[in-house]
Each structure stands twice: as structure tokens, then as C-alpha cells.
Amino acid sequence: MRMEARRVRDSLIVRLNGELDLESAGPFRTLVQEELDGSGRIRHLILDLRGVRFVDSSGVGAILGRYREIRTRRDGQMVILGPRPPVRRVLELAGLLRLVAVADTQQQALALVKEGNPAP
Amino acid sequence: MRMEARRVRDSLIVRLNGELDLESAGPFRTLVQEELDGSGRIRHLILDLRGVRFVDSSGVGAILGRYREIRTRRDGQMVILGPRPPVRRVLELAGLLRLVAVADTQQQALALVKEGNPAP
Amino acid sequence: MKLPEGIRNQVVMEFPSRPENVAFARTAVAVFAAQLEFTVDELDELKVAVSEAVSNAVVHGYAGEDGCIRLEAAITGDGCLVVAVQDRGRGIEDVESARQAQWTTKPEEHMGLGFTFMEEYSDRVEVESAPGRGTTVTLYKTPARARIPS
Amino acid sequence: MKLPEGIRNQVVMEFPSRPENVAFARTAVAVFAAQLEFTVDELDELKVAVSEAVSNAVVHGYAGEDGCIRLEAAITGDGCLVVAVQDRGRGIEDVESARQAQWTTKPEEHMGLGFTFMEEYSDRVEVESAPGRGTTVTLYKTPARARIPS
Ligand SMILES: Nc1ncnc2c1ncn2[C@@H]1O[C@H](COP(=O)(O)OP(=O)(O)O)[C@@H](O)[C@H]1O
Ligand SMILES: Nc1ncnc2c1ncn2[C@@H]1O[C@H](COP(=O)(O)OP(=O)(O)O)[C@@H](O)[C@H]1O
């Protein structure tokens, strides 16, 4: 899996490409943690899944872990950007979409974290 | 592999999609043979490979067999349409491109068989 | 090669219990399964189910140690895909509880959704396990197209 | 799972010698090989080489009868992919001749280009064969990227 992180104001945007599973969950966790540790100013996490072809329960677990970190330690919001239908179905089945809002564009995602209450 | 055959004047146009290997070589051979047997008027064969992702020596063998049929029994021409680079390289390595012309468009392929001398 | 009674085609694979082989396993099964008339969506579902079974063998069965995973994928005479994922690892104490949603023995890292996903994404799931001896999870899936009477 | 000395990862597959399993075999090997830094073009080449070796086991080794093909794909410590395709079929009388371009024992249907393609699309090809006992063809391929000193 390829991963990229960048910051827009107090949001961390992480873009994933490929398959999020047992193998890539670890590197994903590490990347987000390093970015968060590197800057106390980050509050929100936008997860760009537009390039993700596959997620299973290990992938969902890794996403949920980041959600908890952002919520409990940063009092921030998490938004998921552009999951493809099969990926979305996995997230839904895991109950993640009851906690996290989904955006179609990055602009929309940034607007959602600004409103401070993205959960549907 | 998906296959479609249609006729334009005295040319048979066969369009292949997928992978041409040991498994699909037989059905390909049968399809072309049935079309040829069904009409004495067909002289030329245009093989549309634009949708073919994979060819190996079994696939090349099946193409070469059709070439011989067209040349020796019909005194016709064969033209290959739009092979992707990896497929083209296999055909080249097998020496097939010394016998058969390659066209980029169907129009060009039809013009080549009309000229009656498509081999480069 | 003598195939078992009622089996039309079969592949057997063995590989070490490493995270990097989970993607190999689910993709190889999907490629084999493409011999049946599965839709792209159904192959995606199958990949999730296989991924869960193989990940469990890596994470729970061998708990991160290097063990051997054996995977059999077969096509039955009536067009059903059967995938058996076998480890010779620690086994499951209480299979019935383990299969329940959100039941996990590793709550810090895992969510207990593996079996839920397997159930959701295949037609049937069988679990055979004995503590200290290992676990075999068998998934059954038939293409929906094949089930519509024509 | 004890891997052989010098082997970093390995999968072993067994399947019946059927034309429909040739696509499975080459694709599964390409998926496994993606653990190394092969380019898309190199994976395409690998697929051709594996396809030739497996097709030969089906067509010549077992001559259309149902036999078992065993395929081992391994990644060595220095980042080379090794693929061994083994049949227990009729074997090759004269390996040196068989490897030559346009040499075939089935001239009506085949062109004798299988070994030529294997040589062209991998770095090295080894053949071990005994009449009546079967054939093992071993292909070696290292990603070009890995060979460029950085
Ligand atoms: N192959 C296995 N070997 C040993 N234990 C297993 C195996 N598969 C599942 N289990 C047990 O069943 C539990 C539930 O599995 P699952 O539903 O996949 O959730 P999770 O993997 O998130 O824990 C696991 O926590 C584990 O205790
Ligand atoms: N697995 C095998 N078992 C028995 N004979 C084989 C095997 N592989 C190759 N051969 C022999 O070697 C010859 C050359 O093989 P190859 O170069 O692949 O060409 P082709 O398959 O077109 O005949 C074959 O015609 C066959 O006689």
C-alpha cells in the first residue's frame, strides 16, 4: 500500500492507495501516529480512501483505532473521503459509518471537520 | 475469453477479449473455422487484439494456424489489429510479425487486406 | 490426480503464516474462483471472507510465529466454491462464542468481526477446532447467477 | 513452517493438469511475485514464462490426462524469484534438443517456442527430466531494479 500524509490547518489528511489489511494496518497506524506526535496542533483526521481497493476487518480495526485516538485524545473529528462501494459496505457492516461521516470531495471533508459535528 | 466474429465484404473480423492461451486457443480455432466453413466467400482475416491482455506460445500457435489456413486455402491476407505492447512483443518474438501486418485501426486493417499485400 | 468425490477442480496451497501472504491467498482464491460465474462484487466478497480466515490463522492460530497455512479451494460438481483454511496452531477453546460478533481474545488490537465478515460474505461457514491442535475454517459460496433457475 | 535455507518466503501449490488451471497458475505466481519490486512489464514476462512451463506439463507431461502439477514459488534472501513447475508425467528423452527453438514433438499443434519464451522472459531456466518419471522446470527472475546498484 502507498500512503501520503499532509496537513491543512488543524487537519491531517492521509491518502491511502491499495489494500488495507493485516499487512498494511501496521504501517498505516505508524504513519498516523508519527504525524500526530510530530504536531500538537493536529485535531482532525481526514482519511482519503478513494484509491483503496480492499479493506477487511484488520483494516477497519486500524481505522477505528485512529478514530479513538482523534476523538478521545484530541477531541477532534474524523471524516472518510470517497470510499468505493465494496469498501464502503465493509465500513458500514463494521458499524464505522455510525461514528464517522463520509465526504465525496476533500473540500466537503474539510467543511465537515470545521462544523465540528460530522457524525450523521 | 470473449470472442465476436463479423463479416465486412470478404473479410472476417474476429475480436478477442481477455487472455489467449492453452485454454482459449481451442474455442478460438473452432470459432474461426466455423465462420470460414459457413461462407466460401471469406478470404481475409482481421484479428482484433485490442482487448487481449495476454498471449503465450499456445495463443501464438492458434493465430499461426489461422494464418496458414487463410494463406494456403483461401489465398487471403491476415492483419492483426491493435496489439498492446506486451502482446506485440510475444508476437514479434515468435516471428509472426514477419508474416502478418499490424494495423492501428479497423479502417487501416481493411485497407491493408484490400491492397492484397499487407506483409511488411 | 484423483480429485475427491464430487469435486470438479481443486487447488491446494501451502505458505508460511505471514501478514504479506494474506493478500496472496485471497487474490489466488479469487483467481481460481473466476472459473465459476461469480460477479466482480461476489469476488470482492470472497476476498474479504478468505482474508479474514487467513488473517486469523496468522494472528490467532500461530500468534505471530511462523507456522504453515494450508488452503484448499475446490469447485464442486454443482458449481459451489469451497475454501478450507487450515492451521496447526493453538486452536479455539469455545467455537460458539468465538463466532459471535465482537467476541475477541485480543481486544486491544482486534474487533471480533472476522467471523461476522466471513458469515456475511459467504453462504456458509464451518469451523473445526481443537485447542493445541489447530483450526480449519471452511467457507462455501455459490455464484448468485447459478442459483437463479433459468 | 521450516523454509529451506536461504528462502525468505514460499508458496507451494498443487492442482490437476487442466488447461483452465494454466491461467490460475501464472496469475497466482504473479501475485506472489508482487512482494518483490517487479515492474508491471516484468510481471507480464513472468506470466508468459510460467504459462509455458505449466502448459507443457499439461500438454506434454500428462498429454491431456489428469495428473498433478506441483508449483513452488520462492523468494530467496537476495531477492530472486524462483519458480519450479513439476509434473510426474512422461518426461523428456533429450532435454538439450527439447530446449531448442522450434523443436517440438507435436508439430501439428505446437511451434516449439515454449522453452524459447521461458528463456527470453526469465533470467535462467533449469530443466530436470527423466523419461517415465516426469519433469521439473525451474525459472529464475530478479527484478531489474534490484540489480541496479543504488
Ligand atoms: N485460526 C484461529 N486459531 C485460534 N483462534 C482463533 C482462530 N480464528 C479465530 N480465533 C478466535 O476467535 C476469536 C474471534 O475471531 P474473529 O471473529 O475473527 O475476531 P478477531 O480476529 O477480531 O479477534 C479470536 O479472537 C480468536 O480468539
Ligand atoms: N513437461 C514436459 N513433459 C514432457 N515433455 C516436455 C515437457 N515440456 C517440454 N517437453 C518436450 O519438449 C518439447 C519442446 O517444448 P517447447 O519448447 O515448450 O515447445 P512445444 O510445447 O511447442 O512443443 C515438447 O514438444 C516436448 O516434447
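Every chain is numbered from 1, with letters handed out A, B, ... down the list of sequences. Below, all heavy atoms of this structure are taken into account, side chains as well, without hydrogens, waters or symmetry copies.
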*asked:* Please identify, among C:Val48, C:Val59, C:Asp41, the residue contributing the most non-hydrogen atom pairs under 4.5 Å to chain A.
replied: C:Val48
_Within residues 27-36 of chain A, which residues come under 4.5 Å of chain C, heavy atom to heavy atom?_
none
*Is there any residue in residues 14-26 of chain A with a non-hydrogen atom under 4.5 Å from a non-hydrogen atom of chain C, and which ones are they?*
A:Glu19, A:Asp21, A:Leu22, A:Glu23
*Counting only heavy atoms closer than 4.5 Å, note whether A:Val90 contacts chain C via side chain, backbone, both or neither.*
both
*Examine whether an atom of C:Val40 lies under 4.5 Å from a heavy atom of chain A, and if so say whether it belongs to the side chain, the backbone or both; otherwise answer neither.*
neither
*Can you tell which part of C:Arg18 gets under 4.5 Å to a heavy atom of chain A, answering side chain, backbone, both or neither?*
neither
*Think A:Arg84 forms a cation-pi with A:Phe54, using NZ or CZ under 6.0 Å from the six-ring centre and within 45 degrees of its axis?*
no
_Counting heavy-atom pairs closer than 4.5 Å to chain C, which one of A:Ala94, A:Ser58, A:Gly95, A:Gly59 comes out on top?_
A:Ala94
Inspect the contact between [Y] and [X] and indicate whether a charged nitrogen and a carboxylate oxygen are less than 4.0 angstrom apart.
X: A:Arg89; Y: C:Glu120; value: yes
X: C:Glu45; Y: C:Lys47; value: no
X: C:Glu72; Y: C:Arg70; value: yes
X: C:Glu119; Y: C:Arg99; value: yes

Between [X] and [Y], is there a donor-acceptor pair closer than 3.5 Å when you use the side chain of the first and the backbone of the second?
X: A:Asp10; Y: A:Ile42; result: no
X: C:Asp123; Y: C:Thr142; result: yes
X: C:Tyr62; Y: C:Ile69; result: no
X: C:Ser122; Y: C:Leu139; result: no

*Given C:Arg145, C:Arg8, C:Lys141, the one that forms side chain to side chain contact (heavy atoms under 4.5 Å, CB included) with C:Leu36*: C:Arg8
*Can you name the residues that form a salt bridge (Lys or Arg N to Asp or Glu O under 4.0 Å) with A:Arg9, not counting sequence neighbours?*
none
*asked:* So, using side chain to side chain donor-acceptor pair (under 3.5 Å) as the criterion, who are the partners of C:Asn9 when residues are at least two apart?
replied: C:Gln35, D:Asn21
